[in-house]
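Since the structure comes first, as structure tokens, the remarks are kept for the end.
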Amino acid sequence: MTSTKNQRAAWLEGPSATCLPSAEVAHPWRLILLGAPGVGKGTQADLLRRRLGACHLSTGDVFRAAAKSTGCEPSPAMTAALDFMRRGALVPDATVWEMVRERTACLRCRGGFILDGFPRTLGQAESLKKLMEDERLSLDAVVNYELPLSEIVDRLSGRRTCEKCKAVYHVTRQPSQTAGVCDRCGGRLFQREDDRPESVTVRMEAYQRSTAPLIEFYGKLGVLLPIAATGSPDQICTRTIAALQQAPVRAVS
Ligand code: AMP
């Protein structure tokens with residue numbers, strides 16, 4: 001099994017990075033995770049990645065990596081994208097699509113993929129559909145995580161992320177053993193800029209306006225799998241795998 005770093009490097013660093021997918025994947029699962037910000041898509045993507053062997057591809061992680069990168073001057077499009085991100089607003093489709101398109105090799109990965117945070121608009125969903133058709137890739141399922149709004153706001157405001165390994169905690173529901181320090185790697189835990197209350201409101205509005213319509217889009221394509229995002233992360237993951245096993249498209253091998 002290759003390391004997490006290798007599986008994610010190509011996606012995070014761009015087309016020049018090499019990806020070494022797991023050789024043991026029996027079937028390449030290709031999944032999209034949908035759901036409002038804070039519903040736990042990132043946590044589920046990480047758990048599903050371990051169970052299914054597919055790469056976890058998050059567009060938000062690419063923007064955050066670009067924001068932290070000190071190596072070279074970001075392009076004007078990336079500078080503008082990071083400004084949208086800090087405010088909690090959606091980055092324009094053209095910028096997001098350029099970034100995804102130049103990572104097409106990751107979508108062809110023989111380990112499969114779990115898309116987290118992409119697509120987020122109908123335009124992005126249409127572009128992805130076209131690209132997958134051109135590449136003759138099929139989508140196994142679009143998992144839609146469902147949770148009441150009040151619960152989502154609580155999850156977002158208490159969320160803390162490790163700056164090194166990206167592990168996710170919650171100040172009361174899933175605290176680290178030592179406050180502010182990651183249990184896994186000892187990295188510093190921080191609150192994402194866009195998890196602050198003023199950005200959370202903007203992100204929820206963007207979700208309702210732009211991303212919620214994808215539920216209907218994928219419902220019509222017959223690939224939507226609604227999952228209740230209640231309970232512990234492990235319970236939600238087990239529920240997801242069970243639903244994937246029962247989905248008409250394909251059984252988990
Ligand atoms: P996330 O970690 O998925 O919540 O993404 C963090 C932020 O990155 C979002 O609030 C947006 O500003 C930006 N972003 C990530 N993915 C997309 C996308 N597919 N379309 C537009 N903006 C995105």
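The shown structure was predicted, so the numbers you read here are calculated from the model rather than taken from an experiment. Just follow the structure's listing: the first ligand is 1, and inside any ligand the first atom is 1.
Near D194, meaning under 4.0 Å from any of its heavy atoms, are these atoms of ligand 1: 6 (C), 7 (C), 10 (O). In summary, the atoms of ligand 1 found under 4.0 Å from a heavy atom of T59, numbered by their order in the structure, are 15 (C), 16 (N), 17 (C), 19 (N). Every atom of ligand 1 with a heavy atom of R192 under 4.0 Å away is listed here by number and element: 1 (P), 2 (O), 4 (O), 6 (C).
With K41, R120, R86, R87 as candidates, the residue nearest to atom 5 (O) of ligand 1 on a non-hydrogen basis is R120. Among A67, A81, A89, G60, the residue whose heavy atom sits closest to atom 11 (C) of ligand 1 is A89.
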Next item on the list: Please test R159 against D195 for salt bridge (Lys or Arg N to Asp or Glu O under 4.0 Å), starting from the C-alpha separation and ending with a verdict.
Entry: CA-CA 8 Å; R159 177 160 70 177; D195 278 348; 2.9 Å; yes
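A donor-acceptor pair shorter than 3.5 Å can be found between the side chains of T240 and Y145. For the residue pair S176/D183, the side-chain donor-acceptor check at 3.5 Å is not satisfied.
Contact annotation: for V96 versus ligand 1, heavy atoms closer than 4.0 Å belong to the side chain alone. At a heavy-atom cutoff of 4.0 Å, ligand 1 is contacted by the side chain of Q124 but not by its backbone.
In this structure, E216 places its CD atom where only 12 or fewer heavy-atom neighbours from other residues, nucleotides or ligands lie under 6.0 Å away.
Looking at K130 and E126, no side-chain N of the basic residue comes within less than 4.0 Å of a carboxylate O on the acidic one, giving no salt bridge. We find that R192 and D61 are not joined by a salt bridge, their nearest charged nitrogen and carboxylate oxygen being 4.0 Å or further apart.
The two residues T104 and E135 make their nearest non-hydrogen contact at CG2-OE2, 3.8 Å.
Atom 22 (N) of ligand 1 has as its closest protein heavy atom V91 N, 3.0 Å. The shortest contact between atom 8 (O) of ligand 1 and any protein heavy atom is with M85 CG, 3.5 Å.
The distance from the CZ atom of R87 to the CD atom of E198 is 12.5 Å, given to the nearest 0.5 Å.
Taking only nitrogen or oxygen atoms, main chain and side chain alike, P119 does not reach within less than 3.5 Å of ligand 1. Between F84 and ligand 1, no N or O atom pair is found at a separation short of 3.5 Å. Of the N or O atoms in R64, one or more lie within a sub-3.5 Å distance of an N or O in ligand 1.
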